[in-house]
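Written out below as structure tokens is the structure these notes cover.
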Amino acid sequence: MALERTFSIIKPDATRRNLTGQVNARLEAAGLRIVAQKRVLLSDREAKEFYAVHAERPFYNDLVSFMTSGPVVLQVLEGDGAIAKNRETMGATNPADAADGTIRKDFAESIEANSVHGSDSPENAAIEIAYFFAGSEITG
Ligand code: RTP
Ligand code: MG
């Protein structure tokens with residue numbers, strides 16, 4: 001499998017409950033290396049732009065409010081097949097549908113407050129990494 005990078009966010013519901021370390025332990029145990037990481041408060045504009053693909057969905061305004069409601073941890077993860085591996089480690093969007101042992105099954109509060117984001121394709125991974133990180137901030 002090819003060495004890939006993917007973009008990850010530990011969402012406000014997880015930082016609020018001090019779950020950053022536990023999420024990171026799951027990612028590392030899955031073979032994903034955290035090659036960049038920063039804890040920030042997203043601006044309204046950043047959250048809107050980041051989730052622009054969902055702008056027409058009924059949950060968009062709530063999602064933007066949620067993503068700006070507290071600190072998030074922005075990450076770049078590296079590993080063999082990192083994009084699919086991270087999505088597998090995260091579990092389904094709705095924790096009620098997530099498989100046992102996944103981050104969302106064990107930590108998510110709801111379909112919205114679902115603890116983590118992960119890029120869904122190589123194209124989006126590249127766009128999302130470049131949106132939040134300078135090349136000099138990523139150290140393999
Ligand atoms: P993400 O983009 O955050 O990694 O999540 P995902 O691919 O699993 O899910 P996606 O369909 O892209 O939805 C993005 C985020 O929007 C929130 N959401 N709320 N209230 C709702 O019905 C609803 N549906 C989605 C979640 O925070 C989801 O992760
Ligand atoms: Mg998505």
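Each ligand, and each atom within it, is numbered from 1 in the order the structure gives. Source: prediction; values computed, not measured. Atoms considered below: every heavy atom in the structure, side chains included; atoms not considered: hydrogens, waters and symmetry mates.
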Do Gln37 and Asn24 have side-chain atoms, one donor and one acceptor, less than 3.5 Å apart? yes
Between Arg104 and ligand 1, does any nitrogen or oxygen pair lie at a separation below 3.5 Å? yes
Could you tell me which atoms of ligand 1, counted from 1 in the order shown, lie closer than 4.0 angstrom to a heavy atom of Thr93? 6 (P), 8 (O), 9 (O), 28 (C), 29 (O)
With distance as the sole test, does Thr102 use its side chain to make a donor-acceptor pair with the main-chain N or O of Ala98 at under 3.5 Å? no
Testing the 3.5 Å rule here: is there a donor-acceptor pair between the side chains of Asn124 and Ser119? no
Nearest-contact summary for atom 27 (O) of ligand 1 - protein heavy atom, Å: Glu112 O, 2.8 Å
Determine, using ring centers only, whether Phe7 and Phe50 are less than 6.0 Å apart. yes
For the pair Glu4 (side chain) and Ala82 (backbone), establish whether a donor and an acceptor sit closer than 3.5 Å, ignoring hydrogens and angles. yes
Which one holds for Phe66 and ligand 1: side chain close, backbone close, both close, or neither close, with close meaning a heavy atom under 4.0 Å? neither
Taking atom 26 (C) of ligand 1 as the reference point, the nearest protein heavy atom with its distance: Ile111 O, 3.2 Å
Between the candidates His117, Met67, Glu128, Lys11, which shows the shortest non-hydrogen contact distance to atom 4 (O) of ligand 1? His117
Mark up the atoms of ligand 1 that fall under 4.0 Å of a heavy atom belonging to Asn114, in ascending order. 26 (C), 27 (O), 28 (C), 29 (O)
If you measure from the Lys or Arg side-chain nitrogens to the Asp or Glu carboxylate oxygens, is any gap between Arg17 and Glu109 under 4.0 Å? yes
Which is closest to atom 25 (C) of ligand 1 in terms of heavy atoms, Tyr51, Phe7, Phe59? Phe59
The atoms of ligand 1 lying under 4.0 Å from a heavy atom of Gly118, numbered in the order shown, are 4 (O)
SB check Glu137 Lys38 (cutoff 4.0 Å): yes
protein heavy-atom neighbour closest to atom 13 (O) of ligand 1 works out as His54 NE2, 3.5 Å
Distance only, no hydrogens: is a donor on one side chain within 3.5 Å (strictly under) of an acceptor on the other, for Glu46 and Tyr131? no
Identity and distance of the protein heavy atom lying nearest atom 16 (O) of ligand 1: Leu63 CD2, 3.3 Å
Minimum-distance protein heavy atom relative to atom 7 (O) of ligand 1: Arg87 NH1, 3.0 Å
